[in-house]
S.K.: 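Before I ask anything, here is the structure I am working with.
Note on naming: letters A, B, ... go to the chains in the order of the sequence lines (proteins, then strands), and numbering restarts at 1 for each one.
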There are 2 protein chains.
Amino acid sequence: MNSDIKELLKKSQLSVTASREKILQLFLEQEGALAHGDIEKKAGEKFDRVTVYRTLQTFVEKGIIHTIPTSDNSIRYALCKDDCASGHHHDHHVHFVCNECNNTFCLDDVVTPTIKLPSGYSQEHIEVVVKGVCKHCS
Amino acid sequence: MNSDIKELLKKSQLSVTASREKILQLFLEQEGALAHGDIEKKAGEKFDRVTVYRTLQTFVEKGIIHTIPTSDNSIRYALCKDDCASGHHHDHHVHFVCNECNNTFCLDDVVTPTIKLPSGYSQEHIEVVVKGVCKHCS
DNA sequence: AGGATAAAAGCAACGCTGTTGCAAAAAATA
DNA sequence: TATTTTTTGCAACAGCGTTGCTTTTATCCT
């Protein structure tokens with residue numbers, strides 16, 4: 001399983017380091033999304049704040065994780081599916097935020113709908129965030 | 001026109017002060033949404049940062065404005081329509097972010113679609129943010 | 001209109017988040 | 001293993017948003 005992590009890093013043309021392995025492992029273990037603060041806590045103060053920031057940045061650039069917009073000024077990150085290539089994110093799925101446990105999930109099977117825009121507006125990307133109660137809390 | 005602003009404040013059970021009048025006026029003049037930073041700049045350094053923060057907070061609580069989620073950790077605010085009551089926001093419209101001018105608009109006529117969620121998930125609120133090019137930039 | 005009371009503004013200070021430059025350490029390459 | 005390249009950790013900094021407290025302003029009442 002650890003070799004899977006190393007493989008994924010190499011496939012993304014990244015050198016294999018302790019912090020990258022650890023952070024990637026956290027994402028693989030976690031069902032929902034993670035904010036920067038969560039990662040710092042879960043990593044157990046082993047890594048510098050700056051390292052975590054830079055690692056997340058790198059992962060986003062390489063298409064390993066993607067960001068999820070929130071209303072409360074805290075960016076959350078989640079693993080990308082296989083069809084996410086470097087620079088081209090295809091995470092056209094709906095994100096779900098649970099009001100009970102406050103976790104964020106990627107609903108990979110729920111595709112973002114098509115929106116009919118007023119004339120003059122062109123659509124390039126669409127973000128859908130649904131709030132409610134998740135299956136674990138209901 | 002100034003009396004309109006005073007009326008709106010009174011209707012929301014807020015005392016009429018210079019900063020509230022000024023900030024509300026900025027929203028009425030502006031077509032798109034405003035971030036905290038925009039307001040500080042446009043207000044012309046007349047008001048303390050803290051006052052702006054507290055005023056925005058108050059306006060959100062009273063249902064005068066609503067927040068728009070973004071991917072870049074900068075909360076934006078826009079005027080609510082008349083059917084927004086205190087605590088109960090009914091801004092079920094789509095938000096649009098222009099990649100050219102970087103403005104955010106409320107597409108009041110575009111209602112958020114219905115999403116079919118997996119079993120176990122219950123939907124309470126839905127946020128849709130479309131990115132592309134707005135009518136002014138195309 | 002003027003004084004009492006309640007609310008908001010301004011100020012100072014603080015904590016948190018995210019960034020940058022640079023030196024030390026670790027990983028890749030050969 | 002030695003060399004080069006990348007990454008890490010450290011220190012410092014800027015910006016955002018918050019809190020406590022005092023002063024100022026708005027509202028209310030007679």
S.K.: Starting at CZ of A:F47 and ending at C1' of C:dA25, how long is that distance when rounded to a whole Å?
M.R.: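 Those two atoms, CZ and C1', are 14 Å apart.
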
S.K.: Would you confirm whether B:N102, through its side chain, and B:N99, through its main-chain N or O, come within 3.5 Å as a donor-acceptor pair?
M.R.: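 Side chain of B:N102 to backbone of B:N99: no pair is present.
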
S.K.: Counting just side-chain N and O atoms, does A:Q57 come under 4.0 Å of either OP1 or OP2 of C:dG18?
M.R.: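 For C:dG18, OP1/OP2 do not have a side-chain N/O of A:Q57 under 4.0 Å.
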
S.K.: Please state how far atom CD in A:E61 lies from atom P in D:dT7, giving the value in whole angstrom units.
M.R.: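 In whole Å, D:dT7 P lies 11 Å from A:E61 CD.
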
S.K.: Tell me every residue that passes side chain to side chain contact (heavy atoms under 4.5 Å, CB included) with A:Q123, counting only those two or more places apart in sequence or in another chain.
M.R.: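 Listed in chain order: A:I115, A:L117, A:I126, B:V130.
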
S.K.: Could you tell me, to 10°, how much the axis swings from one end of the helix from C:dA1-D:dT30 to C:dA30-D:dT1 to the other, five pairs per end?
M.R.: 40°

S.K.: I need the NZ-C1' distance between A:K62 and D:dT6, as an integer number of Å.
M.R.: 12 Å

S.K.: By ring-ring contact (aromatic ring centres under 6.0 Å, His included), which residues pair with A:Y121, not counting sequence neighbours?
M.R.: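 If we apply the ring-ring contact (aromatic ring centres under 6.0 Å, His included) test to A:Y121, skipping adjacent residues, the hits are B:F96.
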
S.K.: Assign A:R20 to base, sugar-phosphate, or nothing according to its heavy-atom contacts below 4.0 angstrom with the strands shown.
M.R.: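 Sugar-phosphate contact only.
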
S.K.: Please give, in whole Å, the distance from C:dC16 P to A:D38 CG?
M.R.: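 So the two atoms are 15 Å apart, to the nearest Å.
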
S.K.: What does nucleotides 20-27 of chain D look like as a protein-contact string, B for base, S for sugar-phosphate only, - for none, at under 4.0 angstrom between heavy atoms?
M.R.: B-----SS

S.K.: Base, sugar-phosphate, or nothing for A:S19, non-hydrogen atoms under 4.0 angstrom?
M.R.: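 The residue A:S19 makes sugar-phosphate contact but no base contact.
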
S.K.: Measure from the side chain of A:T51, starting at C-beta and using heavy atoms only, and say which of C:dT19, C:dC11, D:dT8 lies closest.
M.R.: D:dT8

S.K.: What is the distance, rounded to the nearest whole Å, between atom OH of A:Y53 and atom C1' of C:dT20?
M.R.: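 So the OH-C1' distance, A:Y53 to C:dT20, works out to 14 Å.
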
S.K.: Measure CD1/B:I75 against P/C:dT17 and give the value in whole Å, please.
M.R.: 14 Å

S.K.: Could you label the plane-to-plane angle of the A:H95 and A:H66 rings as parallel, tilted or perpendicular, counting under 30° as parallel and over 60° as perpendicular?
M.R.: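 Rings of A:H95 and A:H66: tilted, 30 to 60°.
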
S.K.: Quick one: on DNA chain C, does B:R49 or B:Q13 contact a more 5' nucleotide (nearest heavy atom)?
M.R.: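 Looking at the nearest nucleotide for each, B:Q13 comes out on the 5' side.
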
S.K.: Test of understanding: with side chain to side chain contact (heavy atoms under 4.5 Å, CB included), list the residues that count as partners of B:T58, not counting sequence neighbours.
M.R.: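 For B:T58 the side chain to side chain contact (heavy atoms under 4.5 Å, CB included) partners, ignoring immediate neighbours, are B:L14, B:R20, B:K62.
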
S.K.: Do side-chain atoms of B:T51 reach the backbone of B:F47 as a donor and acceptor pair under 3.5 angstrom?
M.R.: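 No, because the side chain of B:T51 does not come within donor-acceptor range (under 3.5 Å) of the backbone of B:F47.
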
S.K.: Side chains of A:E21 and A:Q25: any donor to acceptor distance under 3.5 Å?
M.R.: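 No - no donor-acceptor pair under 3.5 Å links their side chains.
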
S.K.: In whole Å, what is the span from the CG atom of B:D48 to the C1' atom of C:dA13?
M.R.: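 That distance rounds to 13 Å.
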
S.K.: Taking OH from A:Y77 and P from C:dG18, how many angstroms apart are they, rounded to a whole number?
M.R.: 7 Å

S.K.: Locate the shortest heavy-atom distance separating B:G120 from A:S138; write the atom from each residue and the value.
M.R.: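 It is O-OG, 3.1 Å.
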
S.K.: With A:R49, which residues qualify under side chain to side chain contact (heavy atoms under 4.5 Å, CB included), at least two apart?
M.R.: A:E40, A:Y53

